Amino acid sequence: MERTPNAPHPRLLLWTLLIVYIFNFIDRQIVSILAEPIARDLDLSDSQLGLLTGLAFALFYATLGVPIARLADNGRSNRSRLIAVCVAVWSAMTALCGVAQNFTQLLLARIGVGIGEAGCTPTAHALIADSLPPEKRAGGIAFFGLGIPIGGLMGTLIGGGMAQMLGWRQAFYVVGLPGLALALFVWFFLKDPRLGRVAATDAPPRLSMLASLKRLVASPAYCLVLSAASLVAFLSYGKGVWVLIYFQRTHKLSVGETALWVGVSLGLAGILGTWLGGWAADRWGRHDRRHMLTLPAIAMTLAAPLLFLGYSVDDWRLGLALLVLPTVANSAYYGPAYGAAQVLARPDTRAMAAAWMVFAQNLIGLGLGPLLFGALSDLLKPEYGLQSVRMVLYFAAWAGLVPALLFWLGARALGREANGKELMHAGVAHAG
């Protein structure tokens with residue numbers, strides 16, 4: 001792919017976007033490790049914790065992501081500076097979480113974080129797709145996706161350490177304020193590779209939000225991948241919050257111990273799984289696109305029984321060890337899923353293809369996962385007491401078989417749609 005004079009080197013772009021996404025997930029997920037001390041300080045229920053860690057953020061994050069992606073797909077917009085503004089907003093709102101004196105104030109601050117972060121992922125995916133050739137896009141998106149486990153790990157470690165030493169309020173200041181400096185760097189040094197290109201005179205008109213959705217849902221492969229990714233998000237975000245609380249309540253680990261042992265172990269597993277998924281999607285899907293989704297389909301099937309065993313044992317060390325491999329397996333979907341979306345999208349709807357997936361993933365996953373896990377825990381408390389979270393995690397373990405099946409069906413549909421299009425295009429080129 002030829003670069004314009006204004007375009008950054010792909011490595012610079014990927015590394016900058018990775019750092020942005022790391023900050024994104026630090027600020028998004030730090031509330032998970034701080035949930036227990038926040039609940040004690042502000043006297044919150046499990047349902048309120050679920051709202052703070054999930055729906056309060058996700059409702060605005062998912063909803064605003066679509067119109068921002070529409071703006072990003074506009075050929076005249078500067079996508080790099082759009083990301084810079086988003087970084088500044090979510091960083092400032094994260095810092096404001098530290099001054100909250102009650103549930104309502106903290107809820108509003110978390111909503112602000114969601115508003116700021118709404119424009120990051122779809123815009124970044126479009127930048128990556130414009131900077132890399134098709135056979136490297138899943139790997140590039142997976143590299144960007146490493147920000148999820150790295151940011152989650154760093155947020156857990158920083159949040160747990162700061163909460164142990166200084167308190168949960170200071171933890172929000174420490175992770176929020178440096179993001180303002182990052183926003184300035186992105187504004188001045190990251191260039192949009194699209195700027196400076198000569199627009200094609202025969203380019204098709206840009207689709208509206210609803211038209212882009214209509215075009216995408218006409219693809220069975222896209223619908224299956226979107227559904228699978230949304231269920232993965234529902235389970236992952238729910239487990240991400242409540243497994244930390246589980247180790248504190250059931251196994252009596254402190255906040256600092258949970259951050260160190262659980263956060264580091266599962267964070268490193270997530271990093272490995274995210275990288276592995278992108279690598280496998282590019283390698284196996286190079287000649288047959290359906291194999292982009294083979295790894296997540298198989299891996300999530302194998303993960304379910306191991307997760308159940310990990311939650312059922314009474315020794316926390318053994319339980320944590322049993323959770324490592326399933327975490328690797330369940331993290332391998334990111335590059336394949338979003339890479340497949342870019343395969344199915346036309347060039348002027350790259351951000352929208354990612355945005356509709358982000359919308360579904362976060363409204364269903366981040367919005368409802370932690371909230372419904374918390375509500376179910378409250379419902380089971382009268383019978384199971386402090387073991388209510390363990391019962392919820394049992395359900396989450398076996399529910400992972402559903403997205404595994406959807407990824408398997410999605411792989412077959414992707415093979416029919418993507419490979420058929422490529423053969424058709426190759427035939428047209430040969431005839432010409």
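Not measured: the values here are computed from a predicted model.
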Open item on the list: Within the structure provided, determine whether Phe144 and Thr121 are in side-chain contact (heavy-atom separation under 4.5 Å).
Closed with: yes

TODO: Please examine the side chains of Val243 and Leu323, heavy atoms only from C-beta on, and report whether any two atoms are closer than 4.5 Å.
DONE: yes

TODO: Kindly give the heavy-atom pair with the smallest separation between Ser77 and Asp192, and that separation in Å.
DONE: O-OD2, 3.6 Å

- [ ] Check the side chains of Ser388 and Ser377 for a donor-acceptor pair under 3.5 angstrom, ignoring hydrogens and angles.
- [x] yes

Output a table of donor-acceptor pairs, distance under 3.5 Å, between side-chain atoms of residues 220-230 and any protein atom two or more places apart or on a different chain; print 'none' if there are none.
| from | atom 1 | to | atom 2 | distance (Å) |
| --- | --- | --- | --- | --- |
| Tyr222 | OH | Ala353 | O | 2.7 |
| Ser227 | OG | Cys223 | O | 2.8 |
| Ser230 | OG | Leu226 | O | 2.7 |

Open item on the list: So if I apply the side-chain contact (heavy atoms from CB on, under 4.5 Å) rule between Leu146 and each of Ile271, Ile22, Leu14, which one comes out positive?
Closed with: Ile271

Open item on the list: Has Arg169 got a side-chain atom pairing as donor or acceptor with Ala100's backbone, closer than 3.5 angstrom?
Closed with: yes

TODO: Output the distance between atom CG (Asn24) and atom SG (Cys86), rounded to the nearest 0.5 Å.
DONE: 9.5 Å

Open item on the list: Whether Arg289 and Glu417 form a salt bridge (side-chain N of Lys/Arg under 4.0 Å from carboxylate O of Asp/Glu) is what I want to check.
Closed with: no

Open item on the list: So does Gly277 get a backbone contact from the side chain of Tyr334, meaning a donor-acceptor N/O pair under 3.5 Å?
Closed with: no

Task: Residues forming a salt bridge (charged side-chain N to carboxylate O under 4.0 Å, His left out) with Glu257, sequence neighbours excluded - done: none

Task: Beyond-backbone contact of Arg390 with His251, side-chain heavy atoms, under 4.5 angstrom - done: yes

- [ ] Nearest 0.5 Å please: distance from the CD atom of Gln29 over to the CG atom of Leu153.
- [x] 12.0 Å

Task: Any side-chain heavy-atom pair of Leu268 and Val324 under 4.5 Å - done: no

TODO: Could you check if a side-chain atom of Pro122 sits within less than 4.5 angstrom of a side-chain atom of Ile68, using non-hydrogen atoms only?
DONE: no

TODO: Indicate yes or no for a side-chain donor-acceptor contact from Gln248 to the backbone of Leu244 under 3.5 Å, with no hydrogens or angles considered.
DONE: yes

For residues 232-242, which side-chain N or O atoms pair as donor and acceptor with protein atoms under 3.5 Å away, sequence neighbours left out?
| from | atom 1 | to | atom 2 | distance (Å) |
| --- | --- | --- | --- | --- |
| Ser236 | OG | Val232 | O | 2.8 |
| Tyr237 | OH | Arg28 | NH1 | 3.0 |
| Trp242 | NE1 | Pro370 | O | 3.1 |

Open item on the list: Please report the interatomic distance CG(Leu216) to CE(Met352), rounded to the nearest 0.5 Å.
Closed with: 8.0 Å

Task: Rounded distance [0.5 Å steps], CZ in Phe407 versus CD1 in Ile298 - done: 13.0 Å

Open item on the list: Given Thr94, which partner from the list Val174, Asp27, Ile26, Leu177 fulfils the side-chain contact (heavy atoms from CB on, under 4.5 Å) test?
Closed with: Asp27

Task: Approximate separation, where rounding is to 0.5 Å, of Leu325 CG and Leu307 CG - done: 10.0 Å

TODO: Report yes or no: does Thr301 contribute a side-chain atom to a donor-acceptor pair with the main-chain N or O of Ala297 at less than 3.5 Å?
DONE: yes

Open item on the list: Has Arg137 got a side-chain atom pairing as donor or acceptor with Ile128's backbone, closer than 3.5 angstrom?
Closed with: no

TODO: Determine whether Arg249 and Glu36 make a side-chain contact, defined as any pair of heavy atoms from C-beta on separated by less than 4.5 Å.
DONE: yes

Task: Test item: Tyr21 and Ile83 side chains (from C-beta on) under 4.5 Å apart, heavy atoms - done: no

- [ ] Count the heavy atoms belonging to other residues, nucleotides or ligands that lie under 6.0 Å from CH2 of Trp261, then report whether that count exceeds 12.
- [x] no

Task: Test item: Gln342 side-chain N/O and Gly339 main-chain N/O as donor-acceptor pair under 3.5 Å - done: no

Task: Any side-chain heavy-atom pair of Leu52 and Phe103 under 4.5 Å - done: yes

Task: Distance, nearest 0.5 Å, that separates CD1 of Ile364 from CG of Leu231 - done: 7.0 Å

